[in-house]
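Before any comments, here is the structure.
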Amino acid sequence: MIDKPLWGGRFSGEPAEAARLAGSNPEADMLLAPHDIRASIAHVRALEDAGIVSPEDATAIEQALEKIGDRPFRDVFKASDEDIHLAHERNLAEELGDVGAKIHAGRSRNDLVVTDFRLWLLEQGNDLAESIGSLAGSLSARAAETAEMPMPGSTHNRPAQVVTMGYVLAAHAFGLVRDLERLAQWSSRTRTSPLGAGALATSTLGLDPAKTAERLGFDRPFLNALDAVSDRDFALEFLAVASILAVHLSRIAADLARWSEPAHGYVELDEAFTTGSSMMPQKRNPDVLELVRGKAGRIAGDLTALTQVLAGLPSGYHRDLQEDKQPVFDAVSTLKNSMPALTGCIETAHFDAERMRSDAEDPELYATDIAEALVKSGLPFREAHMRIGEVLKRLDEEKRTLRDLSSDEWANLGLPAGSKMLDPDSSVRARNMPGGPAPERVLQQCDAIRAALSSISS
């Protein structure tokens with residue numbers, strides 16, 4: 001049985017405690033432990049296929065690994081263990097003696113840790129995809145419910161044109177559909193097995209990386225061992241996808257929070273997704289939405305952190321790469337906490353159709369409709385734009401609005417029936433182009449969202 005440090009006889013003793021602590025990463029060890037067992041079992045079977053380990057020893061090692069994997073982490077990992085990989089080897093040696101020590105032939109922690117990390121992150125990606133799909137599905141369902149609820153659409157936080165609540169919710173859902181597409185593409189690229197790459201140049205033991213990849217559920221083995229141990233594109237790309245997703249979540253939260261302000265009053269949040277004030281008894285604050293809104297910067301910071309770790313690294317494995325996990329762990333945890341809360345906010349929100357309709361009757365929201373009506377009568381758009389702008393300027397000086405125009409004034413504009421255009425339902429229904437806010441088009445968009453979600457998940 002081995003009684004020296006597991007990483008070799010070149011050293012006469014253990015590292016200094018300060019050096020050990022500098023390299024300690026217990027969160028990663030705990031999260032990766034189950035995947036390290038999986039990877040170790042796949043590797044020992046590769047050693048068996050290559051004739052390095054007998055079938056009897058391979059079976060004994062696999063059974064011992066499964067036994068170790070069933071134990072609580074605190075019983076497997078000791079403070080003196082450098083990482084979970086060596087902890088598992090130590091446990092194997094304690095269980096099986098020299099037979100257990102055979103497992104590390106043909107592998108390095110360099111290819112093992114990145115294998116574990118890919119397995120863990122692919123699992124997390126699947127979970128996140130389910131959460132994104134649930135959120136997008138909830139948005140689509142509420143969009144269908146509110147497809148005929150007119151409200152002011154805005155640009156620059158100023159009233160612009162009449163849309164519907166369903167139209168805006170569907171717009172948010174399409175962003176999440178793209179997030180799912182990106183996540184699926186990321187997953188496809190990440191399903192490459194690094195196991196068998198060794199430290200950087202494979203081994204002389206005749207291992208079959210393709211068979212190992214198949215055992216682990218990857219789509220393919222590595223094509224270059226040096227790339228396999230150096231590559232963290234999968235982690236960086238995941239954080240890029242996560243950062244875009246977090247931006248979308250932040251924007252959804254921002255809209256809901258703004259609509260819930262008393263000045264708007266378009267949405268009332270369920271009290272289960274609000275909090276009170278420790279001082280002001282009347283308050284119901286949209287804290288959940290504010291927290292989600294603020295997380296985008298945190299996840300963008302995770303992306304920046306990993307980018308800085310990777311930038312400028314020479315080829316090969318370097319211990320800097322241990323810093324690849326914390327930003328990813330943080331992003332995954334943040335998203336997992338944010339999305340169910342945001343989904344709950346949307347599913348339980350009450351939309352005030354009367355309040356939205358009242359604000360949608362603001363006459364200036366119809367300026368573009370009126371200009372386009374002039375275009376239909378043959379006027380060039382720029383001239384129509386100028387003419388309506390001049391009318392609005394005059395009305396503003398006279399403390400009037402478009403609703404105050406007389407029949408003669410409408411006739412002078414060339415639009416005798418112009419007053420009938422100042423109607424929110426007529427306005428949104430007139431925008432019946434594909435992709436527009438007309439209720440039937442919003443329902444088509446909801447169908448497209450559901451179809452996309454079904455296609456991506458299948």
Side-chain angles (χ1 to χ4, degrees), residues 1-11 32-69 81-120 190-232 234 315-319 321-322:
M1 183 171 173
I2 297 173
D3 58 2
K4 292 183 178 181
L6 286 173
W7 34 261
R10 175 64 178 81
F11 293 80
L32 298 184
H35 305 285
D36 195 70
I37 294 292
R38 283 184 61 198
S40 295
I41 290 172
H43 181 68
V44 78
R45 290 305 179 181
L47 292 174
E48 177 191 4
D49 292 344
I52 305 300
V53 173
S54 70
E56 295 77 16
D57 285 350
T59 298
I61 292 171
E62 179 173 346
Q63 291 174 347
L65 284 167
E66 290 174 344
K67 181 179 176 182
I68 293 166
D81 289 322
E82 187 175 345
D83 54 39
I84 191 60
H85 322 296
L86 294 187
H88 284 157
E89 283 197 51
R90 176 182 55 74
N91 279 264
L92 266 181
E94 291 171 358
E95 288 278 337
L96 300 176
D98 288 344
V99 170
K102 294 180 179 181
I103 192 172
H104 204 58
R107 79 175 186 183
S108 163
R109 285 181 293 173
N110 296 0
D111 62 340
L112 183 57
V113 68
V114 72
T115 300
D116 297 351
F117 193 17
R118 282 178 185 260
L119 288 170
W120 178 84
T190 300
R191 294 184 180 280
T192 299
S193 173
L195 199 56
L200 79 163
T202 70
S203 71
T204 62
L205 301 181
L207 305 179
D208 184 354
K211 190 72 176 291
T212 298
E214 183 181 346
R215 285 188 171 111
L216 288 171
F218 287 110
D219 291 346
R220 66 194 73 82
F222 63 89
L223 295 179
N224 179 286
L226 180 59
D227 176 56
V229 299
S230 305
D231 171 34
R232 293 299 185 275
F234 70 94
S315 59
Y317 180 85
H318 307 273
R319 195 64 182 270
L321 292 174
Q322 181 173 302

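Positions are given from 1, in the same order as the sequence printed here. Atom set for the values below is all heavy atoms of this structure, side chains included, hydrogens, waters and symmetry mates excluded. Since we're looking at a predicted model, the values are computed, not measured.
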- prompt: Stepwise, does the side-chain contact (heavy atoms from CB on, under 4.5 Å) test hold for T59 with R45?
  reply: CA-CA 8 Å; T59 298; R45 290 305 179 181; 3.4 Å; yes
message: I'd like to know whether R107 forms a side-chain hydrogen bond (donor to acceptor under 3.5 Å, both in side chains) with S40, so could you lay out the CA-CA distance, the side-chain angles of the two residues, the decisive distance to 0.1 Å, and finally the verdict.
response: CA-CA 10 Å; R107 79 175 186 183; S40 295; 3.0 Å; yes
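When all heavy atoms of G206 and A50 are compared, the pair lying nearest together is O-CB, 3.7 Å. Closest heavy-atom contact between A213 and P221: CB-N, 3.9 Å. Contact record, G316 with L321: O-CD1, 4.4 Å, taken as the closest heavy-atom pair. Closest of all the heavy-atom pairs between L92 and A64 is CD2-CB, 3.6 Å. When every heavy atom of Y317 is checked against every heavy atom of V229, the shortest pair comes out as CD1-O, 4.1 Å. Residue S108 comes nearest to G198 through the heavy atom pair CB-C, 3.4 Å, listed as atom of the first residue, atom of the second, then distance.
Heavy atoms of other residues, nucleotides or ligands lying less than 6.0 angstrom from NZ of K211 number 12 at most.
Between S193 and F222 the shortest side-chain heavy-atom distance does not fall below 4.5 Å. With a 4.5 Å cut-off on side-chain heavy atoms, N91 and K67 do not count as touching. A 4.5 Å side-chain heavy-atom check between V114 and F234 finds at least one atom pair inside the cut-off. Proximity of L47 to L207: side-chain heavy atoms (C-beta onward) are separated by under 4.5 Å at one or more points. Inter-residue side-chain proximity for V99 and I61 is flagged as met; some heavy-atom pair is nearer than 4.5 Å.
The backbone N or O of L195 sits nowhere less than 3.5 Å from a side-chain atom of D111 that would complete a donor-acceptor pair. Within the 3.5 Å criterion, the main-chain N or O of A105 finds a donor-acceptor partner in the side chain of H43. At distances below 3.5 Å, not a single donor-acceptor pair connects side-chain atoms of D81 with backbone N or O atoms of D83.
A salt bridge links R215 to D49: one of the charged nitrogens lies within less than 4.0 Å of a carboxylate oxygen. Using a cutoff of 4.0 Å between basic side-chain nitrogens and carboxylate oxygens, R118 and D231 are scored as salt-bridged. A salt bridge is absent between R220 and E214; no separation between the charged side-chain nitrogens and carboxylate oxygens falls under 4.0 Å.
Legend: residues meeting side-chain hydrogen bond (donor to acceptor under 3.5 Å, both in side chains) with T212, ordered by chain and number and at least two apart, are absent.
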